[in-house]
Amino acid sequence: MEPSDEGSAEHALKAQRRTNLATLRDLGSDPFAQTRYPVDAHASDIATQYASLEPDAETPTAHHALAGRLLALRKQGKKVFFADLWDRSGKLQLYVRADVVGDDAFAQFDQVDLGDIIGASGTIFRTKSGELTLRVNSFAVLSKALVPLPDKHHGLQDVEKRYRQRYVDLIMNEHVRTIFLTRSKIVSEMRRFCDDRGFIECETPTMLHVAGGAAARPFRTHHNALDLNLDLRIATELNLKRLVVGGLERVYEIGRIFRNEGIDTTHNPEFTMLELYAAYWSVDEMMAFNEELYAHLVARVHGTETIAFGDREISFARPFRRVAYFEAMKEWGGLDRATLLDPAGAQRVLRDMGLPPSQTHGQALDKIFERVIEPNLVNPTFVYDYPVLISPLAKRKAGDPDIVDRYELFAANFELSNAFTELNDPDDQRARFEAQMVERKKGDDEVPPPDWDFVTALEYGLPPTAGIGIGVDRLVMLLTNNQSIREVILFPLQRPVAAS
RNA sequence: GCGCCUUUAGCUCAAUCGGUAGAGCAUCGGACUUUUAAUCCGUUGGUUCUGGGUUCGAGUCCCAGAGGGCGCACCA
């Protein structure tokens, strides 16, 4: 017990629970000595099985054993308790009578606190007010909550506490449980969708000598035995493409990515990305795959084509809208290709929009895109034919040296996926790495150092390959209608609480 | 990094112009053998985030700091 809270109200609440624990032990029942409980039903099964049971109906003879956490207790006189037992599937009411469980057991139940983990078995009936209820014949206290729970009606609202103590959030807030159940479903559906199409799930290292495949500052770590500095990966791209060189042809990884950058409502330092590569696919085939995947996920999660996100409605009806990068710039910004492809021209556009100049031509284009095009992309839209200067790993489009075979999918005004035909010419790749070295020397520490072994891999021959990256967290945000990435990450990074 | 907002009982929230810090839930005691945000009666519970300052007097005003939220900047 922490001595620091002695005398506080919290201390008194904890002390009471300790007293109840001691009393339970005196009565011959030690919650923390339990090793198992023969659970044979869950609340939702009971609800389904007895859906047609009439109110005040005769008690069936079948016995059921459930276990879960008590989140409500209603004592009725000296000999009866009602309680709400929550398991992973939902809630079932318990009805505990002294004349059924016996006086000794009832005395034990009198020591039960809100939040305790209980196993209970008995028969099902429906009360006259219509609530499906377990008439408890026997029960066991399986674990004791030694700290008080938040308000049963308001739950836990304090955002900071919800993130720091997600377990309390999950106990108290059913909608939070639902978010993470949905997340799990989304990820498993993604995995199945890929598996069904012959893709092989791979696990590539998170600790790398060279963290490449994206532009971001990495986290640094150190291997003691080898006395070796390592970076955490900022993408899985380069290693997955090595696997395609190796002949695996269709590979994917749903992996944690680490980027040492700012934190906001759409960025967490570690996040989850699906990267997938298909040898011999064009970017158009990838677009079709992408469209089918998202339509599938929306259908499986929502059962409809249209979802609510904030105050907007987003329709995933196929086909998704398709618009070329420079057409979009023309349509929504009145900007023409020649101006944007000219470094001075792009900076001039920024200035006309009242924005400060960007460090590089590429950053200028991205800023213009963010202001001019993204606000228009509510329903899912493929933007394709990106300029090469913001696509260092993509292959040039045939017949147009300024454009690459690439698209990004947007919805709800943010990027959902990014796909392109992978650059497989080792000489071109080497030249782009060399160009990046120049940028890096100029002080842009988000440009990764070159990965020369990757060039070697390309020299062995990468087949024509299309690749895609999907931000899983943002997709979950979209499909669960959450505006903050922290709401879809179980344990978002928080500063430590100050040492007392 | 900058700006705005925020931090009061275990939880959810009040507290008027700067004047004794309250309520509901939870706890504890009592009544109640089909309750369900149970109800009814009573009860306990406070470093008002931290440290300074102004003032006769600070939860409230000022300064500094910490945590959190949102926005901007950054971020293919």
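- Side-chain N/O atoms of A/Q93 and A/Y95 include no donor and acceptor closer than 3.5 Å.
- One can place NZ of A/K161 at 11 Å from P of B/C13, the figure rounded to the nearest angstrom.
- Phosphate contact (OP1/OP2 of B/U35, side-chain N/O of A/R74, threshold under 4.0 Å): absent.
- Residue A/K75 contributes atom NZ, which lies 18 Å from atom P of B/U35 at whole-angstrom precision.
- Between B/C28 and A/Q111, no contact under 4.0 Å exists linking OP1 or OP2 to a side-chain N or O.
- A donor and an acceptor atom, one from each side chain of A/N20 and A/R17, are nowhere located under 3.5 Å apart.
- Residue A/R97 has no polar side-chain atom (N or O) positioned under 4.0 Å from OP1 or OP2 of B/U33.
- With a cut-off of 3.5 Å on both pairing distances, the Watson-Crick or G-U wobble partner of B/C11 is B/G24.
- In this structure, A/R135 does not reach the B/U35 phosphate: none of its side-chain N or O atoms is under 4.0 Å from OP1 or OP2.
- Within the structure, a side-chain polar atom (N or O) of A/R164 is placed less than 4.0 Å from OP1 or OP2 of B/G68.
- With 3.5 Å as the limit, one finds a donor-acceptor pair spanning the side chains of A/T266 and A/D264.
- Sorted by first then second residue, the salt bridge (Lys or Arg N to Asp or Glu O under 4.0 Å) pairs that include residues 382-393 of chain A, not counting sequence neighbours, are A/D385-A/K397.
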